[in-house]
There are 2 protein chains.
Amino acid sequence: MNKDQTTEDKIKEAARSVFLSKGFSGCSSREIAKAAGMNVALVNYYFRSKQKLFSLIFAAAMEDFMRSMIEVFQQDLQLEEKLRIYIEKEYEFLSQHPELANFIINEIKQEQHSFFDHAEQFNQVRDSGVFAEFELAQERGEVRKIDILTLILLILSNCHYPFMAKNFMKEMLSMDDHGYQVSLQEHKKFVTEMLINYLFKR
Amino acid sequence: MNKDQTTEDKIKEAARSVFLSKGFSGCSSREIAKAAGMNVALVNYYFRSKQKLFSLIFAAAMEDFMRSMIEVFQQDLQLEEKLRIYIEKEYEFLSQHPELANFIINEIKQEQHSFFDHAEQFNQVRDSGVFAEFELAQERGEVRKIDILTLILLILSNCHYPFMAKNFMKEMLSMDDHGYQVSLQEHKKFVTEMLINYLFKR
DNA sequence: ACTTGTTTTAAACACTTGTTTAATTTCTGT
DNA sequence: ACAGAAATTAAACAAGTGTTTAAAACAAGT
């Protein structure tokens with residue numbers, strides 16, 4: 001824990017860590033306070049309620065989660081390169097934030113956060129023009145005909161699931177941490193190759 | 001709720017429903033009791049504790065979750081047919097139990113269920129001989145060289161994720177229920193084609 | 001040193017949690 | 001009809017929950 005952080009930031013950092021690993025209903029305000037090394041009342045002093053603090057963390061997490069997509073797709077690259085780099089970046093990012101995919105998808109399911117406009121995040125991706133670009137490539141016959149939403153589902157499945165199912169895979173297939181990491185790298189390689197082979201005609 | 005069910009079964013049914021939608025830490029004993037239409041004490045009278053009841057539900061859910069895999073892979077079919085049918089069955093099954101994948105993968109993450117031997121379930125798949133069969137096909141050059149664990153991760157990603165991310169997709173992509181169902185069917189079609197194209201050489 | 005405002009704390013509040021107790025109702029065999 | 005067992009209930013228990021209160025500690029300016 002950094003020394004010259006403000007109290008507010010210390011709480012945020014602790015809250016993020018606890019919320020991400022245990023979820024909203026899986027932890028208590030006191031647990032967060034303890035993780036931040038301070039009194040329970042301070043949490044509410046700065047953030048008014050557990051729910052409000054959570055909303056903050058959730059919104060920030062969602063932005064993080066979407067950023068890589070937006071960043072990559074805005075770049076001036078060939079479609080195929082965009083996909084290739086996106087997969088690479090997504091694996092890299094989720095390796096550093098392994099709990100994020102699970103967190104987002106779980107907490108969004110319990111619809112306590114309806115105040116938050118999720119679609120807005122995604123519109124930034126839409127605005128990058130990558131969809132139009134893809135549809136143009138489809139008309140030109142350069143890529144396979146596929147609905148854009150289905151394509152997104154296809155890509156996200158292969159990028160998110162391996163991180164979400166970490167413990168499931170480890171327990172089920174009796175893998176240790178190293179084995180999991182190896183499978184992850186392998187998986188990334190195959191996913192990239194498979195998706196590009198399948199989508200792009202040559 | 002069926003009339004001639006035993007009390008025990010009514011509680012189990014209610015508990016399954018509540019646990020699957022909210023998770024262990026997301027619900028209370030009283031909530032389960034109320035869903036079953038009876039007193040809290042009865043829940044503990046039959047199952048001793050919330051944790052023990054949960055363990056029962058979890059184990060049963062895990063068996064359900066693994067059954068389709070085992071059933072399909074034990075059949076006497078061509079490898080390609082096995083994969084094709086597995087995907088079909090998995091989509092069918094998860095359409096009827098949309099919360100199951102999320103439930104299993106989430107609750108396995110919070111390691112409160114370490115007593116349960118997860119690997120045992122999977123050994124049944126291993127024992128079906130499908131792995132050996134696949135490795136043989138690899139040596140014969142009929143299928144692409146790929147580590148079996150990576151292959152499993154590849155298949156499960158595409159089968160589980162679309163159901164786990166239901167609300168995420170709906171909110172993010174502003175889809176309604178119908179749009180989601182359409183994407184799901186589309187996705188299944190593409191996944192099947194893509195995986196088979198990629199794995200099997202002809 | 002004193003005042004003013006901010007930050008932090010311990011304590012309390014009302015309520016929910018999982019679990020148990022003891023009493024009551026319902027069932028079952030005689 | 002009765003006795004004994006099983007099923008069900010209301011009530012209580014201690015511990016934990018989110019949140020608030022009121023007092024203390026701290027900081028800065030005068």
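In what follows, chains are A, B, ... by sequence order, proteins preceding strands, each numbered from 1.
Rounded to whole angstrom, the span from the CD atom of B:E31 across to the P atom of C:dT19 amounts to 15 Å. Protein atom CZ of B:R48 is 8 Å distant from nucleotide atom P of C:dT20, rounded to whole Å. Look at CG on B:N44: it is 14 Å from P on C:dT17, rounded to the nearest Å. If you take NZ of A:K50 and C1' of C:dT16, they are 13 Å apart, rounded to a whole angstrom. Protein atom CZ of B:F47 is 12 Å distant from nucleotide atom P of D:dA7, rounded to whole Å. For the pair B:L53 CG and C:dT17 P, the interatomic distance rounds to 16 Å; values are reported in whole Å.
When each of A:T192, A:L184, A:V191 is checked for a side-chain contact (heavy atoms from CB on, under 4.5 Å) with A:K188, only A:T192 meets the rule.
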Considering only distance and modelled atom types, tabulate donor-acceptor pairs under 3.5 Å from the side chains of residues 57-70 of chain B, sequence neighbours left out.
{"from": "B:D64", "atom 1": "OD1", "to": "B:R67", "atom 2": "NH2", "distance (Å)": "2.5"}
{"from": "B:S68", "atom 1": "OG", "to": "B:E90", "atom 2": "OE1", "distance (Å)": "2.7"}

Donor-acceptor pairs under 3.5 angstrom involving side-chain atoms of residues 94-103 of chain A: please list them, not counting sequence neighbours.
{"from": "A:S95", "atom 1": "OG", "to": "A:Y91", "atom 2": "O", "distance (Å)": "2.7"}
{"from": "A:H97", "atom 1": "ND1", "to": "A:F93", "atom 2": "O", "distance (Å)": "3.1"}
{"from": "A:N102", "atom 1": "OD1", "to": "A:N106", "atom 2": "ND2", "distance (Å)": "2.8"}
{"from": "A:N102", "atom 1": "ND2", "to": "A:M164", "atom 2": "O", "distance (Å)": "3.1"}

Please tabulate, for the side chains in residues 26-44 of chain B, all donor-acceptor contacts under 3.5 angstrom to protein atoms that are two or more places apart in sequence or on a different chain.
{"from": "B:S28", "atom 1": "OG", "to": "B:E31", "atom 2": "N", "distance (Å)": "3.1"}
{"from": "B:E31", "atom 1": "OE2", "to": "B:K22", "atom 2": "NZ", "distance (Å)": "2.8"}
{"from": "B:N39", "atom 1": "OD1", "to": "B:A41", "atom 2": "N", "distance (Å)": "2.8"}

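Within a 6.0 Å radius of NZ in A:K89, other residues, nucleotides and ligands contribute 12 heavy atoms or fewer.
Taking 4.0 angstrom as the limit, B:S28 places a side-chain polar atom (N or O) nearer than this to OP1 or OP2 of C:dT17. Dashed line: the shortest gap from a side-chain N or O of B:S49 to OP1 or OP2 of C:dG18 is not under 4.0 Å.
For A:Y86, the ring-ring contact (aromatic ring centres under 6.0 Å, His included) partners are A:F73, not counting sequence neighbours.
Less than 6.0 angstrom separates the ring centroid of A:F54 from the ring centroid of A:F19.
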### Structure string for DNA chain D in dot-bracket form, Watson-Crick and G-U at under 3.5 Å, | interchain
||||||||||||||||||||||||||||||
### Message
Treating primed atoms plus P, OP1 and OP2 as sugar-phosphate and everything else as base, which nucleotides of nucleotides 7-14 of chain C get B, S or - for protein heavy atoms under 4.0 Å?
### Response
BBBB-B--
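A salt bridge does not link A:K10 to A:E13: none of the charged side-chain nitrogens sits closer than 4.0 Å to a carboxylate oxygen.
For A:K109 and B:F168, the positive end is not near the middle of the six-membered ring at less than 6.0 Å and at most 45° from its axis.
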